[in-house]
Structure formats: structure tokens, C-alpha cells
Amino acid sequence: MRMQKRLVLKAGIAMTALALAGPVLAQQKTVTFANQDMLVPLRLVMESGEVEKETGYKINWRMFSGGGDVIRAMASGDVQMGEVGSSPLTAAASQGQDIKLLWISADIASAEALVARDGGGISNFKSMEGKRIGVPFVSTAHYQLIAALGKEGVDARKVNIMNMRPPEIAAAWERGDIDGTFVWDPVLAKVKQKGKVIATSGSIAQMGYPTFEGIAVSTKFAQENPQFMVAFAKALNRASAQVRDNLAKWTPESPEIKAIAKWSKADPKDVPAAMALYRFPSAEEQLSAQWLEGGAAKAMTNTATFLKSQGRIQEIKPDYAVFVTNSYVKKALGR
């Protein structure tokens, strides 16, 4: 009889424990993050699962083809965080989307480029009139393309600029449907094989039109999940340092390069050279006038002027600094 009572007691304790654990398990927080195919340190965070292990949150990584798609997904409420270029980020902010830029994942530097097809008759900006140029609309590449054409005195309306996502650009390039493209890796590496670089994001930045890749978050989600945001910033800083310190030593066979290639759907042999075209700011650099403490907001203001001229937005916000936050990077550094 005693044995039966003990078994019943143990069963009761076990059932109580399960009942108590049930709500805890049910309350596991889930985050949906919209990633793209850029070759950036975030891929190492995705591969390691370190944020999930640190916070207990479940992260759903969903891949999108362009920043415009990311912003639309965030606006729908289905996505809480995403990586997006400065142009679509500015478009979203200008349209009143309640988001914050929290991290500069990459100074684009020379990682996006205008490439002319071999034999296509394009040798400079002035020779682009009448040519077919594929570019994702409202992207950083689109912004710089239009800005550079204007700077060079070319009427963009006389260039056949076609709205294409990167995978569509790759396919159109193979078919010979376009004469040039302004795009990023991994597609950039493919088109360079049968083309000539006319300008890079870095050279156009020197004209006064800098661009960046960033990570944005819904303001509501960030405010409700501050510990998760700080853990995410810490992971980004660690991964960025890992890339800066080791990229020159890594080969296509390095596990880190294979991981980055896997998440970006790139060829490992193209990854080291392609990543070398970017700059990946440290947490300390994030907290500088160049980025989160002034520079990013200024770049967004200039981008908004371009977007309004293109009819992509209706108004320019008086201050884009309200769409930038440095608080999570500061806390990640213990400040």
C-alpha cells in the first residue's frame, strides 16, 4: 500500500511540475527576422544560434530578395526585425513606419557596383542612354545609380532602368536581356565575369551619396524586448570583430566562409573577396558621428530628397534621427 501511495504521490508531483512548466514553455518568445543575401557578419550569428541560446527566444529567419520586400513585411507586422539598405529604410521612415535603425551591418564601400556587359556599348555614365539597366527599385543601388547619372549630367529618363530583384538580374544577365546592372554579391560576382565595372558604391559615395546596410526593428518590439535587443547587439559586435580579424586568413574551405555562403546562397569561392569590399563597423564605431550619432540620419535625409524626386515618397521628414537608436549598442558595451 505504501508503495502505491508513493507512486501516486510521485505521479502527482510530476503532473504538477508539467502543469507549471506548460505556461512557461508556451510563453517562449518568437522573433521573425527578415534577412537578405548580402555577405555580412550577421550570417555567423545566424549559424551559431548564439542569440537563441543566450535569450531563450526562437528566431525565425526568413529570406527576402530585397529591402523593399523586407520593409513591407515589417509594416504588415509579420516581421519584427530585418536587414535593409539605407534607401528602403528611408522610404519606410518617410512613410511613417514606426521603426528604428539599431546597427550598421555594413558600410557598403565597394560592395555594390555598376557593371556593363562586355560588348554592350557602355563605357561610362554618358553612354548609358537607351541602354537596359537592371536594378532593384528603391534599393541603395537604385539611389546611387540615379544620383550618379544626375551628377554626370545624364537624364535618367533616357536610360531604360528596369526594376529587377537580384535573382531576376542574374537570369536576365544570362539571357542577354540587359546591358548593365547595379547590384551586390553574390550576383555581382557572377556578372563581373562577363562585364566591366563602371562605378562602385564607394566611388559614388565620394560624389556625396554614401549608402549603408543596416538592421532595423519595430519600435514596439524593441521597447518590449530590451534584453533580447542588447543580446542581439552583442552578437553582432562579436561576429563583426571575428570577420575583421580573420577574413584575410579564411579560405573557401573555412567553416566560417561555408556558413556565410550557406545563409547567403553564395559560392564559397566568391565570399572572401566579396566581403573584403565591405567595411564592418565595430560597436565603438557605431557610436560615432559617422553612423548612429548623426551620419546615418544625414544619409537618410539626403536619400529622402532623392526618393521624393522619384515620386517614391510624398514628404521628407524634418528629422530622421528619430528613426535611429544607439541605446542597445551602448548597453551592449556596458555604457
Side-chain angles (χ1 to χ4, degrees), residues 36-40 65-67 83-88 104-128 131-152 154 156 159-174 176-214 247 260-261 264-267 269-280 299 303 306:
Q36 295 189 58
D37 59 1
M38 289 88 71
L39 302 168
V40 292
S65 296
E83 54 184 340
V84 63
S86 46
S87 184
I104 304 295
S105 50
D107 173 353
I108 293 177
S110 298
E112 293 180 3
L114 172 64
V115 180
R117 174 184 294 283
D118 290 339
I122 299 175
S123 57
N124 52 38
F125 284 102
K126 296 187 185 300
S127 60
M128 289 172 62
K131 301 299 183 181
R132 301 162 299 174
I133 310 297
V135 64
F137 276 18
V138 198
S139 66
T140 49
H142 184 217
Y143 161 60
Q144 286 197 315
L145 173 62
I146 301 298
L149 286 170
K151 191 77 169 180
E152 293 292 316
V154 180
V159 181
N160 185 7
I161 301 174
M162 306 166 71
N163 184 14
M164 295 181 173
R165 294 178 175 88
E168 295 165 343
I169 289 171
W173 189 269
E174 286 301 313
D177 291 347
I178 53 178
D179 304 302
T181 180
F182 203 139
V183 73
W184 49 87
D185 281 299
V187 176
L188 179 59
K190 296 176 182 176
V191 300
K192 280 180 179 178
Q193 295 169 11
K194 297 179 182 178
K196 175 186 176 184
V197 174
I198 303 299
T200 68
S201 42
S203 67
I204 296 174
Q206 293 298 313
M207 296 180 181
Y209 308 102
T211 54
F212 60 83
E213 298 291 349
L247 182 59
I260 292 167
S264 302
K265 301 190 184 304
D267 188 325
K269 68 179 176 56
D270 296 328
V271 172
M275 291 192 78
L277 299 175
Y278 288 101
R279 283 194 66 259
F280 305 113
T303 303
F306 154 74

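Since the model is a prediction, treat every value here as computed from it, not as a measurement.
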Return yes if some donor-acceptor pair links the side-chain N/O of [X] with the main-chain N/O of [Y] below 3.5 Å, else return no.
| X | Y | answer |
| --- | --- | --- |
| T181 | G134 | yes |
| S201 | A109 | yes |
| S110 | G202 | no |
| T140 | S87 | no |
| K131 | G120 | yes |

Holding to side chain to side chain contact (heavy atoms under 4.5 Å, CB included), I want the full list of residues that pass it with [X], two or more places apart in sequence or in another chain.
| X | value |
| --- | --- |
| A113 | V115, L188, V197, T200 |
| A148 | F125, I204, M207 |
| P88 | I71, V84 |
| S65 | D69, R165, P167 |

ask   = Where do M164 and V187 land on the side-chain contact (heavy atoms from CB on, under 4.5 Å) test, with the steps shown first?
value = CA-CA 12 Å; M164 295 181 173; V187 176; over 6 Å; no
Between [X] and [Y], which heavy-atom pair has the shortest distance, and what is it?
| X | Y | result |
| --- | --- | --- |
| A116 | I198 | CB-CG1, 3.9 Å |
| P210 | A205 | CA-CB, 3.7 Å |
| P136 | F182 | CD-O, 3.9 Å |
| A274 | D185 | CB-OD2, 3.2 Å |
| N163 | F137 | OD1-N, 2.9 Å |
| L247 | A276 | CD2-N, 3.7 Å |

ask   = What residue pairs, at least two apart or across chains, pass salt bridge (Lys or Arg N to Asp or Glu O under 4.0 Å) with a residue in residues 188-207?
value = none
query = Any salt bridge (Lys or Arg N to Asp or Glu O under 4.0 Å) pairs touching residues 108-125, not counting sequence neighbours?
reply = none
If you round to the nearest 0.5 Å, how far is [atom2] of [Y] from [atom1] of [X]?
| X | Y | atom1 | atom2 | answer |
| --- | --- | --- | --- | --- |
| K126 | L149 | NZ | CG | 10.0 Å |
| D107 | F280 | CG | CZ | 9.5 Å |
| Y209 | K151 | OH | NZ | 5.0 Å |

Listed partners of [X] passing salt bridge (Lys or Arg N to Asp or Glu O under 4.0 Å), at least two apart:
| X | result |
| --- | --- |
| K269 | D267 |
| D270 | none |
| D37 | none |

Residues in ring-ring contact (aromatic ring centres under 6.0 Å, His included) contact with F306, at least two apart in sequence or another chain = H142, Y143
message = Can you list everything that forms a side chain to side chain donor-acceptor pair (under 3.5 Å) with D177? Sequence neighbours excluded, please.
response = R175
request  = List for me each residue that meets side chain to side chain donor-acceptor pair (under 3.5 Å) alongside N124, sequence neighbours excluded, and say none if there are none.
outcome  = S127
ask   = Step by step, would you call I122 with L114 a side-chain contact (heavy atoms from CB on, under 4.5 Å)?
value = CA-CA 11 Å; I122 299 175; L114 172 64; over 6 Å; no
request  = With side-chain contact (heavy atoms from CB on, under 4.5 Å) as the test, would you mind laying out the steps for I108 and Q144 before giving the verdict?
outcome  = CA-CA 12 Å; I108 293 177; Q144 286 197 315; 5.6 Å; no
task = Find out whether L145 and V159 are in side-chain contact, i.e. whether some heavy atom of one side chain is under 4.5 Å from a heavy atom of the other.
result = no
request  = Would you check if E83 and E213 make a side-chain contact, meaning some heavy-atom pair closer than 4.5 Å?
outcome  = no
